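To start, the structure itself, in structure tokens.
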Amino acid sequence: MRQFDRRLAYHFDWSLLALTLAIIGGGLATIFSATEARVHTGFANNPLVMRQAFYASVGFVGMIAVVLIDYRRLERYAYVVYAATLLLVLAVPLVGTVGGGARRWIDLGPVSIQPSELIKVSLVVALARYFHRSQATGDVRLVDALPAFAMLAVPGALILAQPDLGTVGVIAIVAFSVLFCAGLRLRVFVVLAAVAALAVPLLWGHLKPYQQQRVQTFLSPEMDPLGAGYHVIQSKIAIGSGELWGKGYLRGTQNKLNFIPEQHTDFIFSVFAEEWGFAGAVALLVLYGGLVLRGLTVAHRAKDRFGALVVFGVVSIVFWQVVINVGMTSGILPVVGITLPFFSYGGSSLTTMMIAVGLMINVNMRRFLF
Amino acid sequence: MASTLVTSRREVPNEFRRRLSFALALVVALFGLTVVRLWHLQVSTGDEYRSLSEHNRIRLKRVRATRGTILDRNGDIVVDNRPSFDLVLVPEDTHDVPATIAALTRLLGPEVGDLSAIVAAARNRPAFEDVVLVRDLDWEHIVKIETHQFELPGVSVQVGPRRTYPFGQMAAHLLGYVGEVSQQEREQRRGYHLGDLIGKAGAERYWEDYLRGVDGGQQVEVDSVGRRLRVLSEVDETPGNSLVLTIDRDLQQAAEAAMEGHDGSVVALDARTGEILAMVSRPAFDPNLFARGIRLSEWKALVDDRKRPLNSKAVQGTYPPGSTYKVVMAAAALEEGVITPFTTIFCGGGLFFGNRTFRCWRPQGHGAVNVHEALVRSCDVFFYQVGQRLGVDTIAEYSHRFGLGAPTGITLEHESGGIIPSSAWKRQRFGEPWYPGETLSISIGQGYVTTTPLQMASVMATVANGGVVYKPRFVKRVESTDGATVREERPEVVRDVGFKKSTLLQIRDALSDVVNSKRGTGSNAKLPGVEVGGKTGTAQASRAGGDKTSQKGWSREKRDHAWFIAFAPVDNPEIALVVLAEHSGQHGGTAAAPIARKVFARYFGIPDEDEAALKRTAGFVPLHDQYGAAIRLSALNEPYPGGADADADAEDHAQD
């Protein structure tokens, strides 16, 4: 038993942990810079930094807890976890609190949780479990994948109603990533893409005016230079004005003068890129890239399908959110309200993503055990 | 077999690994693309963006939407907007803030106050946001500022709509007021910015979403000292919708004037629809104070005033209804069959019950009276007896049917429901059983019973319209700026009390005699040309001793409330009215009925002659008839005003 533990510890992937903590550290520093202009406290008294640090430690505990449980045991409870999270999502319209025009949070006194963040990971786990036990191997037909689509559709519809179009987009693209990896026939993807292209004009009418406006703004920013377009322009000015080496920590003028919207959440990358320049931005992307590539290696080496799919799904959450977030802040994607994982302020997102890293470490660690 | 199956399920298919390499390629490609994008922004065109950020001179100027006006039922303006010229400063555009402020103070004179304090107080605002230094500049000052523009970098005069309540305190509690949006409101509602106005009370608050409109905006290029060079692009504001009230401005003003010298409330309802025609609460406040930004001292004065000018006495004030409650009692008694219209009860000036005497307001009694006479002369003993026969829970049931004991649902904040006691209520509230003696107090609208003036107006309307309880409303419709109807409000029936037609007709007949017969307690409301019906009430506010007749020397809070509820015309009722003169220390017939008469006079377009002239038309008014019923639960030893002689005269008419 003791030897067993030692062997596990030997395979503990320190690089995943180090990359994660490095990104979180950068995030804390940037949150401080983004909020200091308004609150003028010290680092230790900055309420948002302290809360984020608190969430990071909660996430760390969660991560360690997840590492300690054999993920094959987790496989058995995958649907339970998924159902529990779904209940939370379901509870949002009933007991949730409103912020910025949408009902997304469940208030638990001192903290509030955002179930739509939790569902990302539990959906991945549920999908992995489904394909783990599915008879279809490597060549999955549409019919075989129908239950998987249902698992996506239920939370998707609920979150769409909140309304949170961005999160629905992320869980959809993550679910399709898992489906892709599980071996869904490529021609199914082609057909689905065609259907989606036809459905877009129909769905357009159902979007909230502000959502329509965001897409329009993306397509032609000059159409709305006062509202969302203004934000994108200012975000681009922030990133661009960072030039090669940045303006220096705490010295971003776009940030300090409040030209950047949602400085500590969705647009935190603009703050970072303004102060640290291209060099800093690339360094950050290298950290994310390292995390993603390391994750893909873990998925590749995983001994069973569940482990491989879970890791792949988790990696795709990180990857897509990074690409979408940087894309929207730098003006090549519409503003959809997607956070930068580990970096943006937000407790639910941070703790969930840390637990997700715990899953990666877990799978990696146990790859020789059977 | 089983084991191979398990193994095959666990295996990672080869296809997975193949697709993994595709995923790897995608990751590299998209990250690469992102880096290329960043290179483009930060390195290739970085210096352009750097200079843009250094000269970030594109300002977003919101053009606040003009708030919708509020009109009365005839389309006359009640709440309006007028242009206000405000002096604003953008400190970031001023190289030397103290020098600019000194120059401003020199130009405008010392009466503008300490401008540097205003700038200092605004230091936490977002950069480049305006600081409003002086609101509502006059022309002379505007000209001075404009001609000295070059000495005043960062200073400008901005014109914007200002909410104005041209009639000051008129209907202030109903119209409400606007104020700057609070932090909490900005978190809860989308699209509000620092310094925006939001409806804080009354119609302004409840109809905020219609009144508000949609802000427009300008993208403005300014020079390095903040002077506007040109407008780069512009989105027009959409003005808010107008609110058309059910209030009649003339009638409201008449009611306000009639309440001069009194505290309390007047509510006039259209008995046929529940529309509020006028609603007065006194003392009131001036909503213009809030529109221009209320000063702390003004706010404190309003809050600390013991007469509570911020509270709407019409919907928030609860008072014992006194004898006006006898209308409800009479209806309950006739419906339950505990009396018939012909049942007479002897009033000898009091009723001995338990171990004490419950007095009638008229110590020598009313003799044998039926329900008609008991209402006309406000006999207490009659209703003590009726109350005993009904029991507290039946009284409560009928009160609830009239809508008492619960808020009417009018769209105004903090509406009180009043209290309609029952045995269950008392057990829950005090953990005690109901004592039969308490039923007697209830029967004459004293004891635990409390109602709001609006509720009593609604009771009157229900009696007048044949038994329908309407939800009181004060908005007729919402109109867009081009006059199209955006939303129409319709009469809302809460319930039909379900009484026999005869019950309400008998009550109405009695209420007519209250005003129009020589014996009635409400003859001060008598109006030539229109038959008015009503019921007086004098509600005891305290059990204090002393000179109960004049109540002179009593502290204000101990004096009686004077009530009058009325409707007209009796044969085809249109309007129902309540008058409450809070702590007037006078009787309903003396203090409240004349106010009602003035309101009716305006409604029916009858010139309201002076008191003496009216008395000539109305004939001789016996002295005692000026008093409504005055009820005292404490031992009452001294004779009641009016004197035995006058009463003896009246006695002769009592059995007409």
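Residue numbers start from 1 in every chain, and the chains themselves are labelled A, B, ... in the order their sequence lines are given, proteins ahead of strands. Worth saying up front: this structure is predicted, and the values here are computed from it rather than measured. All values below come from the heavy atoms of this structure, side chains included, with hydrogens, waters and symmetry mates left out.
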Heavy-atom count around B:Phe22 CZ within 6.0 Å, excluding the residue itself: above 12?
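It does not: B:Phe22 CZ has 12 such atoms or fewer within range.
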
Quick test of your reading of the model: are A:Glu243 and B:Arg50 salt-bridged, counting only N-O distances below 4.0 Å?
yes

Proximal component of [X], with respect to chain B [non-hydrogen, under 4.5 Å]:
{"X": "A:Tyr288", "result": "both"}
{"X": "A:Phe319", "result": "side chain"}
{"X": "A:Ala273", "result": "both"}
{"X": "A:Leu293", "result": "side chain"}
{"X": "A:Val322", "result": "side chain"}

Distance under 6.0 Å and angle within 45° of the ring axis: does A:Arg366 meet both against A:Tyr71?
no

Geometric cation-pi criterion A:Arg133 and A:Phe306, 6.0 Å radius, 45° cone:
no

Side chain, backbone, both or neither: which part of B:Leu33 has a heavy atom under 4.5 Å from chain A?
neither

Which heavy atom in B:Arg37 sits nearest to a heavy atom in A:Ile332, and how many Å separate them?
NE-CG2, 3.3 Å

Check step by step if salt bridge (charged side-chain N to carboxylate O under 4.0 Å, His left out) holds for B:Lys200 and B:Glu204.
CA-CA 7 Å; B:Lys200 296 277 189 184; B:Glu204 295 271 27; over 6 Å; no

So which of B:Thr34, B:Leu30, B:Thr45 has the largest heavy-atom pair count under 4.5 angstrom toward chain A?
B:Leu30

